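Computed from a prediction, not measured in an experiment: that's the story for all the values here. The residues of the chain are indexed from 1 along the displayed sequence.
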Amino acid sequence: MKKTLSLILLALFTSFTLYTPVQADALDDAIKARISYYRLTAFNFGQLVAMAKGKKDYNAEKAKIAANNLKIISSLNISAHYPAGSDNVSKKGKTRALPKIWEDGQGVGKIGTAWVEAVAALADVAGDGKAALVPAVGAVGKQCSACHEGYRAKDF
């Protein structure tokens with residue numbers, strides 16, 4: 001009985017000691033998720049920007065795919081990516097999110113809503129030719145810039 005209890009306690013102790021170092025900081029996880037979300041967004045939007053600027057040949061099918069990907073991305077609820085304390089002051093070197101994001105929920109919400117609407121409009125016209133793509137890409141870019149200018153530090 002003592003041997004069994006000792007083995008159980010040893011197993012529990014070992015699992016806790018092995019688990020603790022592996023367990024990541026919750027704020028770091030949120031920041032990583034947030035950065036991944038924006039990288040995925042930038043990857044898809046970048047394809048559309050390249051087509052709009054003539055750096056890549058316009059391709060209706062690829063434009064529709066990238067724009068629809070953005071539409072799906074824009075439908076995600078990313079509030080869990082922004083826990084309090086995951087700003088660039090608390091987590092210097094890991095994020096460029098300014099504390100103002102948490103202070104100005106209404107402003108961030110307005111830009112976010114406008115971005116979602118611009119992305120939906122882009123998805124509607126992305127396959128209709130470069131002439132339709134260019135202004136729609138510009139409208140999405142305007143919303144990206146509005147958020148970056150107000151809520152993102154220039155560097156780490």
* Structure fact -> Heavy atoms of W102 and A97 approach each other most closely as CH2-CB, 4.0 Å

* Asked: Which distance, rounded to the nearest 0.5 Å, do you find between the NZ of K94 and the CG of L27?
  -> 9.5 Å

* To do: For residues S74 and V119, report the shortest heavy-atom separation together with the two atoms involved.
  => OG-CG1, 3.9 Å

* Set of salt bridge (Lys or Arg N to Asp or Glu O under 4.0 Å) partners for K62, sequence neighbours left out -> none

* Linked, directly or transitively: I78 and I73 (ILVMFWY side chains, under 4.5 Å) -> yes

* Asked: In chain order, what residues pass the side chain to side chain donor-acceptor pair (under 3.5 Å) check against D104, with sequence neighbours excluded?
  -> Y151

* To do: First locate atom OG of S90, then atom CD1 of I31, and finally report the distance between them rounded to the nearest 0.5 Å.
  => 8.5 Å

* Asked: Rounded to the nearest 0.5 Å, how far apart are OG of S86 and CD1 of I101?
  -> 8.0 Å

* To do: Search all heavy atoms of A126 against all heavy atoms of A63 and return the closest pair with its distance.
  => O-CB, 3.4 Å

* So, for V125 and A132, which heavy atoms are closest and what is the spacing to 0.1 Å? -> CG2-O, 3.6 Å

* **4.5 Å side-chain heavy-atom contact, L98 and R152** => no

* Separation between CG of D155 and CZ of R96, rounded to the nearest 0.5 Å -> 7.5 Å

* Quick one: NZ on K64 to CG on L48, what's the gap to the nearest 0.5 Å? -> 13.0 Å

* Non-neighbouring partners of E149 that pass salt bridge (Lys or Arg N to Asp or Glu O under 4.0 Å), sequence neighbours left out -> none

* To do: Using side chain to side chain donor-acceptor pair (under 3.5 Å) as the criterion, list what pairs up with S79, not counting sequence neighbours.
  => N77

* Asked: Linking I/L/V/M/F/W/Y whenever any side-chain heavy atoms sit under 4.5 Å apart, do V116 and L70 land together?
  -> yes

* Mind checking side chain to side chain donor-acceptor pair (under 3.5 Å) for N88 and listing every partner two or more places apart, or none if nothing turns up? => none

* Among pairs that include at least one residue of residues 105-130, which meet side chain to side chain donor-acceptor pair (under 3.5 Å), considering only residues two or more places apart or in two chains? -> none

* Asked: Restricting to pairs with a member in residues 75-93, which pass salt bridge (Lys or Arg N to Asp or Glu O under 4.0 Å), not counting sequence neighbours?
  -> D25-K91, D28-K91

* Structure fact -> The salt bridge (Lys or Arg N to Asp or Glu O under 4.0 Å) partners of K71 (sequence neighbours excluded) come to none

* Asked: Would I72 and L40 show up in the same hydrophobic cluster when neighbours are defined by side-chain heavy atoms closer than 4.5 Å?
  -> no

* To do: May I ask you to say whether E103 pairs ionically with K100, meaning some side-chain N is under 4.0 Å from a carboxylate O?
  => no

* Please list all pairs passing the side chain to side chain donor-acceptor pair (under 3.5 Å) test where one or both residues lie in residues 37-49, with sequence neighbours left out. => Y38-Y82, N44-N69

* Asked: Does Y58 have any side chain to side chain donor-acceptor pair (under 3.5 Å) partners at least two apart in sequence or in another chain, and if so, which?
  -> none

* Hey, quick one: are L76 and I111 part of the same hydrophobic cluster, counting side-chain heavy atoms closer than 4.5 Å, chains of contacts allowed? -> yes

* **Closest non-hydrogen atom pair, A30 against A80** => CB-O, 3.8 Å

* Asked: Could you give the distance from CE (M51) to CG (L133), rounded to the nearest 0.5 Å?
  -> 7.5 Å

* Beyond-backbone contact of V137 with F45, side-chain heavy atoms, under 4.5 angstrom -> yes

* Got a sec, which hydrophobics cluster with I65, joining ILVMFWY side chains under 4.5 Å apart, including via others? -> none

* **With K154 via side-chain contact (heavy atoms from CB on, under 4.5 Å) - residues at least two apart** => none

